[in-house]
Trainee: 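Got a structure for you, questions after.
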Amino acid sequence: MTGPLMAYAADQLKQRFTVHELWKAPDQAKMLAELSTRVRGVAGGGSHVRIDAGLFDALPKLEIVANFGVGYDNVDAKEAGRRGVIVTNTPDVLTEEVADIAIGLLLATVRQLPQVDRYLRAGKWLEGAYPLTSSLRKRKVGIVGLGRIGKAVARRLEAFDLEIVYHGRSRQEDVAYRYYPSLVEMAKGVDTLVSVAPGGASTHHIINAEVLAALGPNGIVVNVGRGTVIDEQALIKALQDKTILSAGLDVFEDEPRVPAELIALDHVVLLPHVGSASVHTREQMGQLLVDNLVSWFDGKGPKTPVAETPWKKA
Ligand code: NAP
Ligand code: 8YV
């Protein structure tokens, strides 16, 4: 294990395998050197723990990396593929939970729910009503990354009677929403962006100053995908200059460090990467991680390999 995993999953791993806890070692390089010919599987401890060539070099007998999370930008999966190491992630089991948080965050941002709560607690209601807020009504929402979670967000937004469009690398033929090949063009046509795109080089800072300017002064940005998708400094500037209205963020560029400039802004809603963080869903994710490792070492192949490391039964 490269990092701490919930007991629900860690206990199952310990029952089935000999588990070494890398993050607890006072000298991690020494531990890796001692285990180099014995470790055959890695259980990844979350999106902030990097798994790349350095670890693969140290563990030449490695067969599989089971990542805790559907996003695996923390794992160099291409390099794993080159070395014949399988990478698995945890798709589907968290989709609805993260979509719920995206909608909750959107509503909280538009209707200023945390600020309203703070207002009441500070006793200010006794002095007068909270000022009127912006509204979800008549908003047009552009989804960046219409994948499993993006579609679950869109389904929920349909129930709110909002117009939905999307941007991704390619048009999806089975989707009725309008497709924008250009993110800037989509931003010009909407007032609300919900990003559910993965991290990594191809999405790095795709929501930049130009996109934010195109979104306009009524613009709301919600991000439940990865922090690196947004140029955080450009976002801070747009919020400070009020060239967009607000942002609701569950993910940040350098977690768990959140820029002081963002924290200083009262008109944003900030969550500490809790999209999938319910007991129910984290257990499902942990179970899928365990099931991938057990299935692999039972000779039945991985259950959910990522695209870069496909597996075919010999
Ligand atoms: P998914 O089904 O693979 O969907 C990803 C979508 O992103 C696809 O529709 C893909 O469409 C699009 N995409 C990929 N590269 C892109 C690019 N360069 N530019 C624009 N769009 C791009 O994944 P998912 O299960 O929905 O999960 C999405 C992401 O959510 C994860 O990777 C993870 O980072 C994040 N996540 C966050 C939390 C949280 O706690 N906040 C929890 C779970 C997941 P195209 O292939 O057409 O481009
Ligand atoms: C997890 C996530 O919280 O699945 C993902 O991609 O971002 C979240 O579900 C994270 O992977 C655990 O650190």
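Predicted model, so just to flag it, every value in this text is computed and none were measured. Atoms considered below: every heavy atom in the structure, side chains included; atoms not considered: hydrogens, waters and symmetry mates. In each ligand, atom 1 is the first atom listed, and ligand 1 is the first ligand listed.
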Trainee: More than 12 non-hydrogen atoms from neighbouring residues, nucleotides or ligands closer than 6.0 Å to CZ on Arg118, yes or no?
Mentor: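 Enclosed: over 12 neighbouring heavy atoms sit under 6.0 Å from CZ of Arg118.
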Trainee: Would one find more than 12 heavy atoms of other residues, nucleotides or ligands at under 6.0 Å from atom CH2 of Trp23?
Mentor: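 Atom CH2 in Trp23 is packed in, count exceeds 12.
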Trainee: What's the shortest distance from atom 14 (C) of ligand 1 to any protein heavy atom, and which residue and atom give it?
Mentor: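 So the nearest neighbour among protein heavy atoms is Arg169 NH2, 3.4 Å.
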Trainee: Show the atoms of ligand 2 that are less than 4.0 angstrom away from any heavy atom in Arg226.
Mentor: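 So the atoms of ligand 2 that pass are 2 (C), 5 (C), 6 (O), 7 (O).
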Trainee: Below a 4.0 angstrom heavy-atom separation, can you tell me which part of Asn67, side chain or backbone, both or neither, approaches ligand 2?
Mentor: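 Neither; nothing of Asn67 gets under 4.0 Å from ligand 2.
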Trainee: Compute the shortest N/O to N/O distance between Val70 and ligand 2 and return yes if it is under 3.5 Å, no if not.
Mentor: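 Yes, there is a polar N/O contact under 3.5 Å.
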Trainee: What protein heavy atom is closest to atom 17 (C) of ligand 1, reported as residue, atom name and distance in Å?
Mentor: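 Ranking protein heavy atoms by distance from atom 17 (C) of ligand 1, first comes Thr203 CG2, 3.4 Å.
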Trainee: Is there a polar contact between ligand 1 and Arg226, counting only N or O atoms under 3.5 Å apart?
Mentor: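 Such a contact does occur with ligand 1.
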Trainee: Is any side-chain heavy atom of Leu157 closer than 4.5 Å to a side-chain heavy atom of Leu106?
Mentor: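 Leu157 vs Leu106: side chains touch.
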Trainee: Measure the distance from atom 47 (O) of ligand 1 to every protein heavy atom, then report the residue, atom name and distance (to 0.1 Å) of the closest one.
Mentor: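 Of the protein heavy atoms, Ser170 OG, 3.1 Å lies nearest.
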Trainee: Does any N or O of ligand 1 fall below 3.5 Å from an N or O anywhere on Gly147, backbone included?
Mentor: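 N/O-N/O distance below 3.5 Å exists for this pair.
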Trainee: Under 3.5 Å, N or O to N or O, is His273 touching ligand 2 that way?
Mentor: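 Indeed, backbone or side chain, His273 has an N or O that close.
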Trainee: Got an N/O contact under 3.5 Å between Gly71 and ligand 2?
Mentor: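 So ligand 2 has an N or O lying under 3.5 Å from an N or O of Gly71.
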Trainee: Salt bridge or not between Lys124 and Glu127? Use side-chain N to carboxylate O under 4.0 Å.
Mentor: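 Judged by the 4.0 Å cut-off on N to carboxylate O distance, Lys124 and Glu127 do not form a salt bridge.
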Trainee: Quick one: NE2 on His167 to CG on Leu183, what's the gap to the nearest 0.5 Å?
Mentor: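 Going from NE2 on His167 over to CG on Leu183, the span is 4.5 Å.
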Trainee: Among all protein non-hydrogen atoms, which one is nearest to atom 5 (C) of ligand 1, and what is the separation to 0.1 Å?
Mentor: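 Looking only at protein heavy atoms, the one closest to atom 5 (C) of ligand 1 is Pro198 CD, 3.9 Å.
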Trainee: Can you report which non-hydrogen protein atom sits closest to atom 23 (O) of ligand 1, along with the distance?
Mentor: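 I find the closest protein heavy atom is Arg148 NH2, 3.4 Å.
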Trainee: Run the numbers for me: atoms of ligand 2, each under 4.0 Å from some heavy atom of Gly69, listed by number.
Mentor: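 Those qualifying, in numeric order: 4 (O), 5 (C), 11 (O).
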Trainee: Kindly compute the distance separating NZ (Lys237) from CD1 (Ile244), expressed to the nearest 0.5 Å.
Mentor: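 It is 12.0 Å, given to the nearest 0.5 Å.
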Trainee: Flag yes if more than 12 heavy atoms outside Arg178 fall under 6.0 Å of its CZ atom; otherwise flag no.
Mentor: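 No.
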Trainee: Is it true that Glu96 and Arg155 have a side-chain N and a carboxylate O under 4.0 angstrom from each other?
Mentor: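 Judged by the 4.0 Å cut-off on N to carboxylate O distance, Glu96 and Arg155 do form a salt bridge.
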Trainee: side-chain contact (heavy atoms from CB on, under 4.5 Å) for Val110 and Leu107? Distances and angles first, verdict last.
Mentor: CA-CA 5 Å; Val110 172; Leu107 275 170; 5.9 Å; no
Trainee: Atoms of ligand 2 less than 4.0 Å from Ser276 heavy atoms?
Mentor: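 It comes down to these atoms of ligand 2: 1 (C), 3 (O), 8 (C), 9 (O).
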Trainee: Less than 4.0 angstrom from a charged side-chain N to a carboxylate O is my criterion; do Glu63 and Arg83 meet it?
Mentor: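 A salt bridge is absent here (no side-chain N lies under 4.0 Å from a carboxylate O).
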Trainee: Distance to the ring centre below 6.0 angstrom and angle to the axis at most 45 degrees; does that hold for Arg121 and Tyr119?
Mentor: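 Pair Arg121/Tyr119 does not count as cation-pi.
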Trainee: Mark up the atoms of ligand 1 that fall under 4.0 Å of a heavy atom belonging to Ser202, in ascending order.
Mentor: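 In order of numbering, the contacting atoms are 18 (N).
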Trainee: For Asp73 and ligand 1, does the shortest N/O to N/O distance drop below 3.5 Å?
Mentor: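 No, no N or O pair falls under 3.5 Å.
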Trainee: Report the part of Glu97 in contact with ligand 2, treating N, CA, C, O as backbone and CB onward as side chain, heavy atoms under 4.0 Å; options are side chain, backbone, both, neither.
Mentor: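 The answer is neither.
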Trainee: State the atoms of ligand 1, each with its element, that fall below the 4.0 Å cut-off from a heavy-atom position in Val224.
Mentor: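 Contacts of ligand 1 toward Val224, numbered from 1: 35 (C), 36 (N), 37 (C), 38 (C), 39 (C), 41 (N).
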Trainee: Ligand 1 and Leu146, any nitrogen or oxygen pair closer than 3.5 angstrom?
Mentor: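 Yes.
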Trainee: Against heavy atoms of Asp250, which atoms of ligand 1 measure under 4.0 Å?
Mentor: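 Taking each heavy atom of Asp250 in turn, ligand 1 has 39 (C), 40 (O), 41 (N) under 4.0 Å.
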Trainee: Just jot down the ligand 1 atoms closer than 4.0 angstrom to any heavy atom of Gly275, in number order.
Mentor: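 Matching atoms, with element in brackets: 39 (C), 40 (O).
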Trainee: Numbering the atoms of ligand 2 from 1, which are under 4.0 Å from a heavy atom of Leu94?
Mentor: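 Once the distances to Leu94 are compared, the set is 4 (O), 9 (O).
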Trainee: Any salt bridge linking Asp298 with Arg16? Criterion: basic side-chain nitrogen under 4.0 Å from a carboxylate oxygen.
Mentor: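 Counted as a salt bridge, because a side-chain N and a carboxylate O are separated by less than 4.0 Å.
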Trainee: Nearest protein heavy-atom contact for atom 28 (C) of ligand 1: which residue, which atom, what distance?
Mentor: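 Protein heavy atom with the smallest distance to atom 28 (C) of ligand 1: Val196 O, 3.2 Å.
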Trainee: With the threshold set strictly below 4.0 angstrom, can you tell me whether any protein non-hydrogen atom sits that near atom 11 (O) of ligand 1?
Mentor: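 Answer no: nothing from the protein, no heavy atom, is under 4.0 Å.
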Trainee: If you measure every N or O of His167 against every N or O of ligand 1, does any of those distances drop under 3.5 Å?
Mentor: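 No; the residue has no nitrogen or oxygen that sits under 3.5 Å from a nitrogen or oxygen of the ligand.
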Trainee: Kindly say whether Thr304 contributes a backbone atom to a donor-acceptor pair with the side chain of Asn292 at under 3.5 angstrom?
Mentor: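 Checked: pair present.
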Trainee: Going through the checks in order, is the salt bridge (Lys or Arg N to Asp or Glu O under 4.0 Å) test met by Lys140 and Asp191?
Mentor: CA-CA 6 Å; Lys140 190 166 165 183; Asp191 50 26; over 6 Å; no
Trainee: Could you tell me which non-hydrogen atom of Gly200 sits nearest to which non-hydrogen atom of Thr228, and how far apart they are?
Mentor: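 Between these two residues, the closest heavy atoms are N-OG1, 4.2 Å.
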Trainee: Any idea which atoms of ligand 1 are less than 4.0 Å away from a heavy-atom of His273?
Mentor: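 Those atoms are 39 (C), 40 (O), 41 (N).
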Trainee: Ligand 1 and Val70, any nitrogen or oxygen pair closer than 3.5 angstrom?
Mentor: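 For ligand 1, there is no N or O atom that lies under 3.5 Å from one belonging to Val70.
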Trainee: Under the criterion side-chain contact (heavy atoms from CB on, under 4.5 Å), which of Val93, Thr90, Val279, Asp92 is the partner of Gln284?
Mentor: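 Only one of Val93, Thr90, Val279, Asp92 forms a side-chain contact (heavy atoms from CB on, under 4.5 Å) with Gln284, namely Val93.
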Trainee: Look at atom 20 (C) of ligand 1 and say which protein heavy atom is nearest, naming residue and atom and giving the distance to 0.1 Å.
Mentor: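 The protein heavy atom lying closest is Gly168 CA, 3.7 Å.
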Trainee: Check whether the ring centres of Tyr166 and Tyr179 lie less than 6.0 Å apart, and answer yes or no.
Mentor: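 Under 6.0 Å, so yes.
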Trainee: For atom 27 (O) of ligand 1, what's the nearest protein heavy-atom neighbour? Residue, atom name and distance, please.
Mentor: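 Atom 27 (O) of ligand 1 sits closest to the protein heavy atom Ile149 CD1, 3.4 Å.
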Trainee: Using a strict 4.0 Å cut-off to heavy atoms of Ser276, name the atoms of ligand 1 that fall inside it.
Mentor: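 The atoms of ligand 1 under 4.0 Å from a heavy atom of Ser276 are 40 (O).
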